[in-house]
There are 2 protein chains.
Amino acid sequence: MIDTKQKILDSAERLFGEQGYGATSLRQVIAEAGVNLAAIHYHFGSKEELVDAVILRKAEPVNRERLEMLDRLEAEAGDRPVAMEQILEAFLAPAVSRVAANPEFSKLMGRLLGEGMMPAVVDKHFRHVGMRFVKAMAKTLPELSPVELGWRIHFMIGAMAHTLCAQPVQFHTGLEMEDGQAVLQRLVAFLSGGMRAPVEQISRIEVK
Amino acid sequence: MIDTKQKILDSAERLFGEQGYGATSLRQVIAEAGVNLAAIHYHFGSKEELVDAVILRKAEPVNRERLEMLDRLEAEAGDRPVAMEQILEAFLAPAVSRVAANPEFSKLMGRLLGEGMMPAVVDKHFRHVGMRFVKAMAKTLPELSPVELGWRIHFMIGAMAHTLCAQPVQFHTGLEMEDGQAVLQRLVAFLSGGMRAPVEQISRIEVK
DNA sequence: GTCTATACTGAGATAGAC
DNA sequence: GTCTATCTCAGTATAGAC
């Protein structure tokens with residue numbers, strides 16, 4: 001069939017999402033897709049390149065939406081910097097809003113950043129979008145050095161990835177997964193506070 | 001030998017740390033330890049239970065140090081709440097300070113939180129410590145609801161885990177891994193700002 | 001160009017002899 | 001407690017049918 005490739009991608013997306021990358025075998029994928037094992041290697045080359053293709057298909061709309069939102073915010077702001085909360089929401093909303101529609105696959109997206117699986121894949125699919133947001137944030141917070149801003153964005157990505165992929169630890173009852181909009185609001189508020197934190201020296205505690 | 005178990009643990013720790021969990025085979029472990037393959041299953045039962053034992057051995061001193069620092073801070077503070085920066089440093093420093101000594105194994109520790117690998121393991125080894133810090137933070141920030149505080153701790157853990165396990169994406173040059181103390185300071189400052197962020201409603205952006 | 005059948009190597013796990 | 005032998009299943013590679 002002409003759409004063997006599509007069927008493989010569809011099955012792989014579902015199974016990687018439900019079970020994770022490592023726990024999903026290519027034999028499960030071909031059984032669900034109704035194709036031959038070697039077809040995966042013909043079309044994609046390896047398991048890693050298959051998941052790369054799956055990620056690409058899902059990441060592209062997220063990244064496009066992020067850039068559209070940022071474009072609009074910057075057009076509205078003209079020469080003035082965009083508010084940090086708005087930049088954060090433009091970056092986070094396209095990812096968080098997809099959790100409800102496809103929670104298992106969102107888990108895989110979130111995991112990518114935490115796993116040593118494929119830093120190259122993350123870099124390839126998200127770096128260019130990240131650069132745009134770095135520039136917007138630097139304009140909003142000119143007092144931060146590039147290095148300090150880089151670290152804060154690193155922390156931001158960690159908080160986002162963990163929120164996308166991990167169930168919160170139940171230190172209290174009532175922390176079940178809420179409405180995506182509510183989590184997004186909490187995350188934006190938290191990260192705005194972190195991004196705007198003063199950079200001065202903090203109190204030291206000697207260890208031991 | 002009587003110390004077969006120890007030799008397996010030592011080799012597994014080194015190899016899991018260098019290569020990650022999934023990329024390390026039990027056959028590599030037994031080759032380095034000089035024991036038989038079945039010995040792992042005799043002493044630990046499975047690969048997953050082996051890594052659980054490895055984690056336990058490394059997590060225990062981290063958690064002990066965290067609790068010692070928090071105990072001391074609370075003793076010094078008496079009835080007054082402990083400053084958020086100090087609580088954060090007590091939680092983060094014992095983990096971050098070990099990155100320099102054992103960077104690869106720290107990666108594994110950080111990954112645990114991001115991977116779907118073993119949420120049960122994370123829960124088992126870190127939950128009781130987390131509860132203590134939740135209580136201390138609730139005293140310092142009484143205006144936060146338990147649910148809001150729980151989410152902020154969730155975000156904090158994400159930022160910490162990502163910092164422990166992931167190389168920062170190079171949006172700017174000069175963001176190479178710095179001195180652990182410097183990264184710790186940046187992280188504490190960022191998270192203090194996030195923890196203290198106001199909880200009010202934020203501006204909405206309609207999507208599309 | 002596409003796809004099928006099949007073989008190869010290495011993984012984790014286990015039964016049973018010692 | 002330990003080790004040999006073996007099982008099942010994984011990802012990968014290739015030869016050849018259409």
Side-chain angles (χ1 to χ4, degrees), chain A residues 1-57 104-105 107-108 111-112 115-121, chain B residues 1-57 104-105 107-108 111-112 115-121:
Chain A
M1 292 217 195
I2 188 73
D3 59 341
T4 296
K5 213 170 161 177
Q6 291 301 318
K7 289 197 293 187
I8 293 171
L9 281 172
D10 291 339
S11 299
E13 176 179 318
R14 204 180 69 74
L15 290 167
F16 285 150
E18 282 181 4
Q19 308 173 341
Y21 173 75
T24 299
S25 72
L26 296 182
R27 284 169 170 85
Q28 282 181 284
V29 174
I30 59 138
E32 176 163 318
V35 302
N36 186 272
L37 178 58
I40 290 180
H41 292 92
Y42 175 76
H43 287 288
F44 300 98
S46 68
K47 187 182 182 182
E48 192 163 319
E49 288 170 281
L50 170 60
V51 79
D52 185 296
V54 172
I55 298 294
L56 175 62
R57 208 172 55 157
E104 293 302 334
F105 190 77
K107 265 171 85 167
L108 178 59
R111 275 180 205 169
L112 284 180
E115 289 188 53
M117 198 158 88
M118 305 157 275
V121 172
Chain B
M1 293 216 192
I2 188 74
D3 59 343
T4 296
K5 214 170 161 177
Q6 291 302 319
K7 290 196 294 187
I8 293 171
L9 279 173
D10 291 340
S11 300
E13 177 179 320
R14 205 181 68 74
L15 290 166
F16 285 150
E18 283 181 4
Q19 310 173 340
Y21 173 76
T24 300
S25 73
L26 295 182
R27 284 168 170 87
Q28 282 181 282
V29 175
I30 60 141
E32 175 164 318
V35 301
N36 186 273
L37 176 60
I40 289 180
H41 292 94
Y42 175 76
H43 285 289
F44 299 97
S46 70
K47 187 182 183 183
E48 193 163 320
E49 287 171 281
L50 171 60
V51 79
D52 185 295
V54 172
I55 297 294
L56 175 63
R57 207 171 57 155
E104 293 302 334
F105 190 76
K107 262 171 86 166
L108 179 59
R111 274 180 207 170
L112 285 180
E115 287 189 52
M117 199 159 88
M118 306 158 273
V121 172

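Within every chain, numbering begins at 1; the chains are lettered A, B, ... in the order of the sequence lines, protein sequences first and strands thereafter.
Of the candidates C:dA13, C:dT4, C:dT14, C:dT14 carries the atom nearest the B:A38 side chain, counting heavy atoms from C-beta on. For B:S46, counting side-chain heavy atoms from C-beta on, the closest listed nucleotide (D:dT12, C:dA13, C:dA11) is C:dA13. Comparing D:dG11, D:dC3, C:dG12 by their closest approach to the side chain of B:N36 singles out D:dC3.
Atom CG of B:L15 and atom CD of B:E32 lie 4.5 Å apart (nearest 0.5 Å). A distance of 8.0 Å separates OG of B:S25 from CD1 of B:I30, quoted to the nearest 0.5 Å. Annotation: the span from A:T24 atom OG1 to A:E13 atom CD amounts to 12.0 Å, rounded to 0.5 Å. Atom NE2 of B:H43 and atom CD of B:E49 lie 13.5 Å apart (nearest 0.5 Å).
Mapping B:G34 and A:H41 onto DNA chain D by nearest heavy atom places B:G34 at the nucleotide closer to the 5' end. Residue whose closest nucleotide on DNA chain C sits further toward the 5' end, between A:Y42 and A:R27: A:Y42.
For C:dC3, one of the phosphate oxygens OP1 or OP2 lies less than 4.0 angstrom from a side-chain nitrogen or oxygen of A:H43. Between B:T4 and the phosphate of D:dT2, there is a side-chain N or O to OP1/OP2 separation shorter than 4.0 Å.
Per the geometry, CD belonging to B:E49 stands 13 Å off C1' belonging to C:dG12, to the nearest Å. Spacing between atom CZ of A:F44 and atom P of D:dT12 amounts to 14 Å, rounded to whole angstrom units. C:dT14 atom C1' lies 17 Å from atom NZ of B:K47, rounded to whole Å. Atom-to-atom, CD of B:Q28 to P of C:dT9 comes out at 19 Å; the value is rounded to the nearest Å. What separates CG of B:L26 from P of C:dT14 is a distance of 12 Å, to the nearest Å. One interatomic measurement links the two molecules: CD1 of B:I30 to P of C:dA13, which rounds to 13 Å at whole-angstrom precision. Taking atom CG on A:L37 and atom P on C:dT9, their separation rounds to 17 Å, with Å as the unit. Between the CG atom of A:L50 and the P atom of D:dA10 there is a distance of 15 Å, given to the nearest Å.
Side-chain atoms of B:K47 come within 3.5 Å of backbone N or O of B:Y21 as a donor-acceptor pair.
Across all strands shown, B:I40 has no heavy atoms under 4.0 Å from either base or sugar-phosphate atoms.
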